[in-house]
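Have a look at the structure below before the remarks.
All residue numbers refer to positions in the sequence shown, counting from 1.
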Amino acid sequence: MKTLKVVDGDFVFDEAGNLVMVEGDEEIAQGALMNLSIRKGEFELDENIGLDTSFMQNKLVQDEEISDSVLEALQVLTDQNIIEGAENIMISRQGRSSTIDLDLVKTDGLNISLEGVDLSGSE
């Protein structure tokens, strides 16, 4: 499949003014990043899509809570047989900001690595 390329929430155009398309691993990574950048309940057409960040206001938030929320946000891609899941979730925190590195496990068993995914932008 192919989809429109999105960077920082905006469609990408080439030099000729045509919309740029992505496919394959880049499309899968883009879909995962979009699901992690949407705050759960923010998308009115499906309020179950997105990352639950409500608990992240707590200074004592546990890494397991963040990992569980990330996996839940990516569940839509699993349900659509785009990925089998995610693994090797590494959380980095600085103050109340959190970033993660993770591997998306594709249905063919290969991984796509995502690094420095900012979770604080979802708040």
**Item:** Passing option when Ile112 is tested against Leu102, Val105, Leu104 for side chain to side chain contact (heavy atoms under 4.5 Å, CB included)
**Value:** Leu104
**Asked** In this structure, which one of Ile49, Asp52, Thr53, Leu51 forms a side chain to side chain contact (heavy atoms under 4.5 Å, CB included) with Arg39?
**Response** Thr53
Could you tell me which non-hydrogen atom of [X] sits nearest to which non-hydrogen atom of [Y], and how far apart they are?
{"X": "Met21", "Y": "Leu4", "result": "SD-CD2, 3.4 Å"}
{"X": "Phe13", "Y": "Val20", "result": "C-CG2, 3.7 Å"}
{"X": "Glu42", "Y": "Ser37", "result": "OE1-O, 4.4 Å"}

Check residues 76-91 and write down every donor-acceptor pair under 3.5 Å in which the side-chain atom is one partner and the other belongs to a residue at least two apart or another chain.
unit_1 : atom_1 : unit_2 : atom_2 : d
Asp79  : OD1    : Gln75  : NE2    : 2.7
Glu87  : OE2    : Asn111 : ND2    : 3.3
Asn88  : ND2    : Asp103 : OD2    : 2.8

Are [X] and [Y] grouped together when hydrophobic residues (ILVMFWY) are joined by side-chain heavy atoms under 4.5 angstrom apart?
{"X": "Leu19", "Y": "Met34", "value": "yes"}
{"X": "Val22", "Y": "Leu33", "value": "no"}
{"X": "Ile100", "Y": "Leu114", "value": "yes"}

**CD1-CD distance between Ile28 and Gln30, expressed to the nearest 0.5 angstrom** =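 The distance works out to 11.5 Å.
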**Request:** Mind checking the NZ-OG spacing from Lys40 to Ser54? Nearest 0.5 Å is all I need.
**Result:**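 Spacing of NZ (Lys40) from OG (Ser54) equals 9.5 Å.
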**Prompt:** So do the side chains of Leu74 and Leu36 get within less than 4.5 Å of each other, counting heavy atoms only?
**Reply:**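 Sidechains of Leu36 and Leu74: in contact.
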**Listed once per pair and sorted, the salt bridge (charged side-chain N to carboxylate O under 4.0 Å, His left out) pairs that draw on residues 5-20, sequence neighbours left out** =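 Checked against salt bridge (charged side-chain N to carboxylate O under 4.0 Å, His left out) - neighbours excluded - the pairs reaching residues 5-20 are Lys5-Glu26.
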**Request:** Say whether, by atom type as modelled, one donor and one acceptor occur between the side chain of Asn35 and the main chain of Gly50 under 3.5 angstrom.
**Result:** no
